[in-house]
Amino acid sequence: MYLPSFIYLLPFINLIFPALSAVNVQDVHRRFEYKFSFKGPNLILKDNKIPFWTHGGHAIPTSESIRVAPSLRSQRGFVWNKNPYNISAWWEVELAFRVSGRGRIGADGLALWYTASPGTEGPVFGSSDKWRGLAVFMDSYDNDRRGNNPSILAIVNDGTRLYDSATDGSASLTGGPCTVDYRNKPYPVKLRVEYLDNFLSVWSHNGLSDGPPHWELCFRVKEVQLPSDGYFGISAATGGLADDHDVFSFLTTSLIKSADYKPPNKGSEDITEREEKKYQEEFEGYQEKLQKQKDEFREKNPERFREDEGEFEDRTERQLGQIFNGQSRLFGSISEVGEKLDAIRGQQARLLEVSGGVSGIQRHEVEAVLRNQNDLVQWVKEIRSVVLDVQTKSNNIRDVQQRSVTERPASGTAPDAELRDWISQLRQEVSRLVNKPAPRCPVSDPPDCLSQFYFILFIVLQLSGFIAFYVYKTSKDISNKKFF
């Protein structure tokens, strides 16, 4: 029942507020004005200056933001644009800022300005009094004890009135105050000020999220007269209490009604092309200058300059590294095999002493010999697997080198030929280790030589038989002693 009644009232609302409807629906052409804006990162130049802007007082510009007033007592700072805004009569400014402090209450606040002339350091939020134009204040301290701070308010001054800080400017308010808690937020708070068709509108974003801003209307005032060709600026100040006042971006957009908008003509396009060519030449000049400085640094500091060493590796370098790692593992395995063989030789020497009638051998020592033999067999298997891996990597590198030789011109093949020869030698050595051919005996004579494998096998079998015989004899003697 209530919904249809509300719909019927919409035409009457439009009749009562025709100006608001006109402002909301009229079509305008929007264009970003970079000469009246700034935004991090790379906000400042090498000389700590902001392009198209000037700063003073206690303002500290950095690469990411501008600390207009630090959290110290009685600090004032300001930032003003160097050129007047004369592009159009209407504009929009989006300000991203953060006010943070340790105390529950902060002071004094931040101000956004659009005045007929740039301000200087003064008592009104860090700027001079009796300004002519618009001031939007983010007032943090409650001077009038009304409990409505932090707040956002706007004052339009004709250049004759003084700002009364004791009453928070309540006697000369143009719009507001709008109570917004913008202190100590996790993300930057955003303020949007629009001046269109003599309507002044102010929106705010609470800074509780980092996504697209959710604008909330603070106030809208009609019949606001601002000077043409004004200057944009920001300022901040602290008093007995202190907050950090940081500004991250100041984005200015010109608003031109569609009826008044004129697209650029042919002449302006020619000028734009000339400017583009000029900027391209400047860019190339900067690139040459940078390369020259890099070369000079390389000549003066050869020990600190590395030609992309270790940053990137191609497929060949990676496989070569794997081969070197495999060789290291092979060397370590061979060393461990040598230690095992030394242990076996020690055990054999002890067995020979036993067979010569020195001292008896214990069973746990025989088991230790058997374990060492098993370990030896296991290590031999691991060595074989490592050698096979090395051979596979060598084959892959040979294939890569063959493909690169077919693709590269003949003028640069000297290093590649040397690398191929080295890899071929490595492959031959690896193949020799893998195959391990036994020396052949003469055909005419009876075979009187053995390979290393058969020799080790013969030793192992002989040792096993000797150990079995010794165990059998020991058990036989023990059983015979039982009868005595």
Side-chain angles (χ1 to χ4, degrees), residues 22-40 42-45 49-55 66 78-97 111-119 127 131-136 154 156-159 174-175 190-203 213 215 220-235 247-279 282:
V23 171
N24 289 332
V25 301
Q26 71 174 332
D27 189 15
V28 295
H29 177 77
R30 306 169 63 87
R31 188 180 71 179
F32 175 70
E33 304 296 340
Y34 70 94
K35 292 185 178 181
F36 300 91
S37 307
F38 62 80
K39 182 181 180 181
N42 302 322
L43 192 149
I44 59 176
L45 303 175
K49 292 183 179 180
I50 310 169
F52 309 109
W53 295 76
T54 181
H55 66 279
I66 302 175
F78 58 86
V79 181
W80 286 92
N81 195 270
K82 296 180 180 180
N83 303 313
Y85 178 81
N86 52 11
I87 299 174
S88 65
W90 321 117
W91 47 263
E92 178 184 280
V93 170
E94 182 176 324
L95 182 70
F97 65 95
L112 185 150
W113 304 88
Y114 177 78
T115 58
S117 60
S127 186
W131 69 93
R132 189 167 72 89
L134 171 68
V136 179
V156 177
N157 199 340
D158 57 2
T174 302
K190 295 183 179 180
L191 183 73
R192 177 182 165 194
V193 181
E194 180 187 86
Y195 181 58
L196 177 62
D197 233 2
N198 297 116
F199 278 83
L200 179 66
S201 305
V202 177
W203 293 268
W215 297 111
R220 177 179 285 124
V221 185
K222 62 180 181 179
E223 296 181 359
V224 176
Q225 301 294 330
L226 297 181
S228 58
D229 300 344
Y231 290 82
F232 288 108
I234 53 176
S235 67
V247 176
F248 298 92
S249 63
F250 189 103
L251 308 179
T252 304
T253 304
S254 60
L255 305 178
I256 304 174
K257 296 181 181 179
S258 298
D260 300 333
Y261 175 70
K262 296 179 181 180
N265 52 26
K266 187 66 171 58
S268 61
E269 291 180 359
D270 295 339
I271 295 175
T272 304
E273 292 177 358
R274 290 198 299 268
E275 290 181 352
E276 182 179 359
K277 183 178 180 181
K278 175 184 175 183
Y279 294 148
E282 292 180 356

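All values below come from the heavy atoms of this structure, side chains included, with hydrogens, waters and symmetry mates left out. Position 1 is the first residue of the sequence; numbering continues from there.
- Once rounded to the nearest 0.5 Å, the distance linking OG1 of T174 with CG of N157 reads 8.5 Å.
- Counting heavy atoms of neighbouring residues, nucleotides and ligands inside a 6.0 Å radius, atom NZ of K35 does not exceed 12 of them.
- Under the side chain to side chain donor-acceptor pair (under 3.5 Å) criterion, T252 pairs with no residue at all, not counting sequence neighbours.
- Here N198 pairs with Y195 under the side chain to side chain donor-acceptor pair (under 3.5 Å) rule; sequence neighbours left out.
- Here the closest non-hydrogen pair linking F32 and S37 is CE1-OG, 3.4 Å.
- No more than 12 heavy atoms of other residues, nucleotides or ligands shown are found within 6.0 angstrom of CD on E223.
- Evaluation of the side-chain contact (heavy atoms from CB on, under 4.5 Å) rule for I50 yields F38, L43, I44, W53, H55, P61, I66, V79 as partners, not counting sequence neighbours.
- Taken to the nearest 0.5 Å, the CG atom of N81 stands 9.0 Å off from the CZ atom of F52.
- Listed here is the closest heavy atom pair of L255 and S88: O-OG, 3.4 Å.
- In this structure, the ring pair (Phe, Tyr, Trp, His ring centres under 6.0 Å) partners of Y114, at least two apart in sequence or on a different chain, are W91, F232.
- Between W113 and S235, the shortest heavy-atom distance links the atoms NE1-OG, 2.8 Å.
- To the nearest 0.5 Å, the span separating CD1 on I234 from CZ on F78 amounts to 11.5 Å.
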Are W203 and K190 close enough, and set up right, to give a side-chain contact (heavy atoms from CB on, under 4.5 Å), and what steps lead you there? CA-CA 8 Å; W203 293 268; K190 295 183 179 180; over 6 Å; no
Take V93 and F36 through the side-chain contact (heavy atoms from CB on, under 4.5 Å) test and state the conclusion after the steps. CA-CA 10 Å; V93 170; F36 300 91; over 6 Å; no
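- Distance check: R220 CZ to L196 CG gives 10.0 Å after rounding to the nearest 0.5 Å.
- Interatomic distance, CG of N83 versus OH of Y231, reported as 7.0 Å (0.5 Å rounding).
- Considering only residues two or more places apart in sequence or on other chains, R31 meets the salt bridge (Lys or Arg N to Asp or Glu O under 4.0 Å) condition with E33.
- Across S254 and I87, no two heavy atoms sit closer than the pair CB-CG2, 4.2 Å.
- Across W131 and G133, no two heavy atoms sit closer than the pair NE1-O, 3.3 Å.
- Considering CG of L226 and OG1 of T115, their distance stands at 10.5 Å, rounded to 0.5 Å.
- When the salt bridge (Lys or Arg N to Asp or Glu O under 4.0 Å) test is applied to E94, no partner is found at least two apart in sequence or on another chain.
- Listed here is the closest heavy atom pair of S127 and W80: OG-CZ2, 3.8 Å.
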